[in-house]
Amino acid sequence: MEFEFAQYESGTASRPALPAFGGPAEPPATVTTTVPREYVHKAALAEVLLTGWHRTDDDAFTVTAQWPRSHSFYRSRHGVHDPMLFAETVRQIFPLLSHAAYTVPFGHHLIWEHFSYRTDPGTEGMRAGLLPAEVTLYVDCHDVVQRRGVLSALSLHVEARRDGVRLGSAETRFTSHAPAIYRRLRGAYADKEAALAAAVPVPLPIPAHRVGHKLRENVVLAATRSARRWQLRVDPYHPVLFDHPVDHVPGALLLEAARQAAHVVSGPLPTVATSMDTRFTRFAELDAPCWIDAEPEPGGTGRVHVVIHQNGQELFTATVGTSRLTTDEPAVAAARPVYAHS
């Protein structure tokens, strides 16, 4: 359920003085930079994907992003950008707009309710070329809820283009909670240090190639006695999935678990998660194992249903749409991606 929160507590001396920024979403190429990392809830500058934003109407915005040729975690394969890089780009948009456009104070917690994305397989928009991808995202905010003049909930619809070519779309909704409310909601779990100290040991991963990764530390699935059930590998020291300390399993890790489970179920040929529909219903805690179940949808649709549960309670569901890459071998970067329906 919970996805992200600001790193710095509102009103404390440790919160940095953030520079004013904004202006045109498409600045001249010679001065392109990223937005301040605090606005997208990242500790590492290298993980900031957004480069600018601009309000086009009361609740409409244009946001720009740059995707690296191959991300350290969301890596390109066979000349194709990982669709989860698009998901992370959208994830960064809602803290950015919350703070910069809707004046949500730093220290407020943003809790994810649902998230979905669709990418257009086989288009130039998803091609990993010889240069980083410059992506423009058109954002419409709706169902805006304000309480006492402070944003309480917000839904986003995002349309993404690259060089004028449609790349994909996304929908999401989240709620915003002041620190005191969040502490009451989380109880003892609100203590990040205690939560991290109580984290369960990290089990051994399944082979990395089965989930579309090269490095074993990027595998988030551990084997069980069932071929379609895994234990979630929660490594609080992972530099991307745990960019900064948190008191729960991050939403990005749950998305990645759904993607990797769908990859295994759809194998042995390499696949790409071209779409995902998810719902967050409970917090995933660090002190108990999470279990992942995946089943392919009958009829050869290419869709996989994923459920994650903990302590006997369902906390996350996803339907992952997959398409197959014809090969997982290295390809010339400028080559167009080749897909076959799964």
Side-chain angles (χ1 to χ4, degrees), residues 1-7 34-53 61-68 71-75 81-102 104 106 108-119 133 135-141 151 153-160 167-177 220 238-244 246 248-260 273-280 283-284 308 316 318 320:
M1 179 170 62
E2 206 276 346
F3 185 67
E4 259 300 353
F5 63 94
Q7 182 181 3
T34 60
V35 303
R37 59 191 173 92
E38 292 85 0
Y39 281 85
V40 296
H41 298 177
K42 284 293 183 182
L45 288 171
E47 296 305 316
V48 180
L49 301 174
L50 305 186
T51 58
W53 72 284
F61 306 87
T62 299
V63 179
T64 52
Q66 185 185 82
W67 292 352
H71 189 270
S72 63
F73 183 76
Y74 302 118
R75 71 182 184 92
H81 280 295
D82 186 348
M84 295 297 287
L85 194 59
F86 175 47
E88 170 58 19
T89 302
V90 175
R91 200 287 305 165
Q92 292 188 16
I93 288 175
F94 61 85
L96 168 69
L97 294 183
S98 294
H99 298 309
Y102 291 96
V104 170
F106 286 89
H108 281 224
H109 299 249
L110 306 182
I111 299 179
W112 227 351
E113 291 187 354
H114 62 79
F115 172 72
S116 65
Y117 75 80
R118 301 279 187 278
T119 56
V135 180
T136 303
L137 305 109
Y138 303 95
V139 185
D140 288 312
C141 301
L151 182 73
L154 183 65
S155 295
L156 304 179
H157 173 78
V158 180
E159 294 283 341
L167 182 154
S169 62
E171 295 272 356
T172 188
R173 183 167 181 81
F174 63 93
T175 56
S176 175
H177 302 271
V220 303
H238 192 283
V240 176
L241 296 173
F242 281 83
D243 169 80
H244 52 272
V246 291
H248 58 278
V249 176
L253 176 49
L254 302 182
L255 292 180
E256 179 64 21
R259 184 266 287 274
Q260 292 191 15
T274 53
S275 68
M276 193 177 291
D277 292 286
T278 72
R279 184 163 295 276
F280 299 79
F283 288 92
I308 301 180
F316 172 85
V320 185

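Treat the numbers as computed from the prediction; the structure is a model and nothing was measured. In what follows, residues are counted from 1 in the order of the sequence shown.
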Please round to the nearest 0.5 Å and tell me the distance separating atom [atom1] of [X] and atom [atom2] of [Y].
X: Glu113; Y: Thr278; atom1: CD; atom2: OG1; result: 11.5 Å
X: Glu47; Y: Tyr74; atom1: CD; atom2: OH; result: 8.5 Å
X: Phe86; Y: Ser169; atom1: CZ; atom2: OG; result: 6.5 Å
X: Arg279; Y: Phe316; atom1: CZ; atom2: CZ; result: 11.0 Å
X: Leu137; Y: Thr89; atom1: CG; atom2: OG1; result: 6.5 Å
X: Phe174; Y: Phe94; atom1: CZ; atom2: CZ; result: 6.0 Å

Heavy atoms, side chains only, cut-off 4.5 Å: are [X] and [Y] in contact?
X: Tyr117; Y: Val90; answer: no
X: Leu167; Y: Trp67; answer: yes
X: Leu255; Y: Arg91; answer: no

On a heavy-atom basis, which atom in [X] and which in [Y] lie closest, and how many Å separate them?
X: Gln92; Y: Leu49; value: OE1-N, 3.0 Å
X: Arg75; Y: Asp82; value: O-CB, 3.6 Å
X: His99; Y: Tyr39; value: CB-CD2, 3.8 Å
X: Arg37; Y: Ala43; value: NH1-O, 3.2 Å
X: Pro95; Y: Leu110; value: CA-CD1, 3.7 Å
X: Thr51; Y: Val35; value: C-CG1, 4.0 Å

Using a 3.5 Å distance criterion without hydrogens, assess whether the side chain of [X] forms a donor-acceptor pair with backbone atoms of [Y].
X: Thr64; Y: Gly52; value: yes
X: Glu256; Y: Val220; value: no
X: Thr62; Y: Trp53; value: no
X: Thr119; Y: Gly168; value: no

Could you give me the CA-CA distance, side-chain angles and deciding distance for Ser176 and Tyr102, then say whether side chain to side chain contact (heavy atoms under 4.5 Å, CB included) is met? CA-CA 11 Å; Ser176 175; Tyr102 291 96; over 6 Å; no
Test item: side-chain donor near acceptor, His177 and Thr175, under 3.5 Å: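 Judged by distance alone, the side chains do pair up.
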